[in-house]
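One structure is given here, and the rest of the page talks about it.
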Amino acid sequence: MDILKHLNSQQKEAVTSDAKQILVLAGPGSGKTRVLTQRMAYLIYEKHVNPYQILAVTFTNKAAREMIARVKKLIHAELEGLWLGTFHAICARILRREADFLPVNANFIIMDADDQEALVKRVIKELGMDEKLNNPYSIHDAISRAKNNLLTAKSYTAKEYRDEVVKKVYVRYQNLLESTNSVDFDDLLFLTVRLFEEHADIHRKYASRFEHVLVDEFQDTNLAQYILLKQFSAFHHNLFAVGDEDQSIYRWRGADYRNIQRFEEDFPEAHKVLLEQNYRSTQNVLDAARGVIDQNPVRTPKALFTQRGTGQAITLYQAVDDYDEAAFVVDTIQRQMSTGEHQGGDFAIMYRTNAQSRLLEEAFLRAQIPYRLVGAQRFYGRREVKDIISFLRLVHNPEDELSLMRVINVPPRGIGDKTLIALQLVSQQKGISPGNILLELGEKGQESALWQEFSNRGGFMLADFGRMLVRWRKLAENAPLPELFDLIVQDTDYHEYIETAGEIGLNRWENVLELRRLAYEFLDSGLTTFLETVALVSDQDTLPETLNAPTLLTLHAAKGLEFPVVFIVGLDDGWLPHSRSMDDPEEMAEERRLFYVGITRAKDRLYLVRAEQRSTFGSFSSTYPSRFLEDIPENLLVRQGMVLHSRSKPGSEMRWESVAKQGPSTNGNKPIPHYKPGMRVRHPQWGEGMVIETRLDNEDEVLSVIFENEGIKRLSASVAKLEIL
DNA sequence: AAGGCCCTTCTTTTT
DNA sequence: GAAGGGCCTT
């Protein structure tokens, strides 16, 4: 039977096992996704399990989509009724169906990270606490952790003063969520667990349906998710988990790789399979990865091997500074693309923090090489995108106060502090939510009993906005989403608003159009689905699949992906490992796993890059090489770039290959600055501009020029054909 | 009410 | 080196 054809014996063992609980410990590149998809195909095709009775959980929507496609291909059939998605998406689906038993109704809004923090901030203010002393981020973090450990506000125990603060905020925070018909990310899981605990009949309904439960990336489940898995499989007890302790990188989000050990304790009969053959990387890459991960104390030892041969040496490039780091990456890519050795999509550049992408992006722009940037936050966190989504959320759920407050005066429509205070006051007195007050004013205008509660001017302004809201809601009832989208943009003059905002170089309107394009994909499914999808997108979901270009992404976002050529940049102590992880051994171990994940993404070629100096907000500071670099056997490495100076450890004899820079400007001439700040110049594409800064970078001159229509651009004098005016 | 200016403060990772 | 907050002026 061809479903099993391309499997090795360990994989086959996992796919066809008759055991009820199966734990597959799968090293990187060992065919974990393949095992998962073939297992599903095997169950359906061979064991005649109805897809309707299968539940599979992945970590990203992208992984879910890919998995569905692969299973379909294997069995040449549709997968009617199969449930496959992220924990959050699956829980949202259940909660909407069973909303009768929840503190919110089926139209609930899902709060994203920004919303959550804003809400916490609001509560802190409301309770008269000092924001400086009670960092909203960390309080929200504590609340989130509590929820992931299944602690309600009531059951949250306060041992120290800080816990009391958290508890107080938690109570009010949860109240606000309920009264505005919202849930946060963590509630999706927590409410489902409680729903099952408190309603045996509902629990039975789902548990008896799901004859087989499968889960990917099991090492990154938190307590709530682990309990959910047990609940889902409580009737048939068929639980198939795939994971790898060494790739656990979400501890800070409540994930606990010890769930793997817990699984073995909870299900002593479980069948355990180790996948150790790696099909992805060369031996050199695997040896480097192993050198790094072997330093972690608590782990199941795995003997990863490959038949792909030794492969090329790993390049360790030491840059002068972070500009040089970016230049090295882009030069190397440019060279390998021009020789035809690789195409754009073969490359990935990974870093620890999102901020590190900036210089890389600029370098790619300068070299005129398109690139793909992975990161949902970068799009959905944009002000204009959040604004439009807030309007839509308001249409969907007028009680969503956070959205209302966000956009009630965007663009400015004369609703200021005074009017808002009045609105809050009336809302409290009458027990009507601000959104519903607006709707009432919008519908009845001066006829409304509420009219007299407001000042003349305030009343008119609020009623104006209310009228728009009423109109939008009416349209939303039967018109397709893009039509609603357009009406909102039109009614609010949003285009004009962002175009006249006077910010240079920001293509805000393009982001709005991009969001509109996205809305088109929801012609049939409508507003609710759109908002839910938007709330639950993961970073990896934003990877433009069709563009064959180098990919920029964080190490976290890299999990589960692979690339022929991988650059890991910023290998300096304080960046990787990150400075925030320095004083906790558990966090340090996680940083190491993060590096391990990065290394093992590489199929053929691995570049490790660090910079002797980095600009951390404005000022340059020197760095030390990442401590993890010491754990890579020297014989795997070829060192390039600048020579380590006195700060390197005495006695560590290192071979450095001095390489001529092969940028476009290698001509041996000593550079003389040609440009001065204040000069007027003309660029062939961008037109006239003024030089605001120049600096000599290796053999080239780097200019910052402000263009009339393009804003500030950084360019290299040797590449940009500038004309001095 | 709104916009401009200067100040600080901060930057992990994300479903 | 950006973004938000506070304070000023119009």
*Taking the side chain of A:A355 as heavy atoms from C-beta outward, which of B:dT11, C:dG5, B:dT15 is closest to it?*
B:dT11
*With heavy atoms under 4.0 Å as the rule, sort A:Y137 into base, sugar-phosphate or nothing.*
base
Hey, what are the protein-to-nucleotides 2-8 of chain B N/O distances that come in under 3.5 Å?
unit_1	atom_1	unit_2	atom_2	d
B:dA2	OP1	A:G414	N	2.8
B:dA2	OP2	A:N409	ND2	2.8

*asked:* Taking salt bridge (Lys or Arg N to Asp or Glu O under 4.0 Å) as the cut-off, I'd like each qualifying pair that reaches into residues 216-225 of chain A, sequence neighbours left out, listed once.
replied: A:K32-A:D216, A:K32-A:E217, A:E217-A:K559, A:D220-A:K559
*In whole angstrom, what separates A:R383's CZ from C:dA3's P?*
9 Å
*A:N148 side-chain N/O to B:dT15 phosphate OP1/OP2 under 4.0 Å*: no
*Select base, sugar-phosphate, or nothing to describe what A:D186 touches, counting heavy atoms under 4.0 Å on all strands.*
nothing
*Round to the nearest Å and state the distance from A:D115 atom CG to B:dT15 atom P.*
15 Å
*For C:dG1, does OP1 or OP2 lie under 4.0 Å from any side-chain N or O of A:S615?*
no
_Interatomic distance where CZ belongs to A:R614 and P belongs to B:dT11 [whole Å]_ = 19 Å
*Could you please name the option among B:dT15, B:dT13, B:dA1 that lies closest to any side-chain atom of A:T554?*
B:dT13
*Take atom CG of A:D114 and atom P of B:dT15, then tell me their distance rounded to the nearest Å.*
13 Å
*Rounded distance (Å) that lies between atom P of B:dT15 and atom CG of A:L223*: 21 Å
*Can you list the residues that meet the salt bridge (charged side-chain N to carboxylate O under 4.0 Å, His left out) rule with A:R162, with sequence neighbours excluded?*
none
*Can you check the A:I90 CD1 to B:dT15 P distance for me, whole Å?*
16 Å
*Would you say A:R580 reaches B:dT13's phosphate, i.e. side-chain N/O to OP1/OP2 under 4.0 Å?*
no
*Does OP1 or OP2 of B:dT15 have a side-chain N or O of A:T60 closer than 4.0 Å?*
no
_Check ion pair A:E361-A:R358 (N to O, under 4.0 angstrom)_ = no
_How many whole angstroms separate atom OH of A:Y596 from atom P of B:dT13?_
24 Å
_Between A:R262 and A:N259, do the side chains contain a donor N or O and an acceptor N or O under 3.5 Å apart?_
yes
*Charged tip of A:R194 within 45° of A:F190 ring normal and under 6.0 Å*: yes
_Does A:F87 reach a base, just sugar-phosphate, or nothing at all? Heavy atoms under 4.0 Å._
nothing
*Hey, is A:W252 stacking on B:dT13? Ring centres under 5.5 Å, planes under 30°.*
yes
*salt bridge (charged side-chain N to carboxylate O under 4.0 Å, His left out) with A:D573: which residues, sequence neighbours excluded?*
A:R627
*Using atom P of each nucleotide, how far apart are B:dT13 and C:dG4 to the nearest Å?*
16 Å
*Just call it for A:K559: base, sugar-phosphate, or nothing, with non-hydrogen atoms closer than 4.0 Å on any strand.*
nothing
*Classify the nucleic acid contact of A:D112 as base, sugar-phosphate or nothing, counting any heavy atom under 4.0 Å across all strands shown.*
nothing
*Where the side chain of A:S538 is defined as all heavy atoms beyond and including C-beta, which of C:dG5, B:dT14, B:dT15 is the nearest nucleotide?*
B:dT15
_Separation of B:dT13 P from A:R253 CZ (nearest whole Å)_ = 13 Å
*For A:D244, check salt bridge (charged side-chain N to carboxylate O under 4.0 Å, His left out) against everything at least two apart and list the hits.*
A:K302
*Pairwise 5' ranking along DNA chain B for A:E587 and A:L536, keeping only the more 5' one*: A:E587
*Does anything in residues 405-417 of chain A pair up under side-chain hydrogen bond (donor to acceptor under 3.5 Å, both in side chains), and if so which pairs, sequence neighbours excluded?*
A:D387-A:R406
*When all nucleic acid strands are considered with a 4.0 Å heavy-atom cut-off, which category describes A:S579: base, sugar-phosphate, or nothing?*
nothing
*asked:* We want to know whether A:N296 and A:Y596 form a side-chain donor-acceptor pair, criterion being a heavy-atom distance below 3.5 angstrom.
replied: no
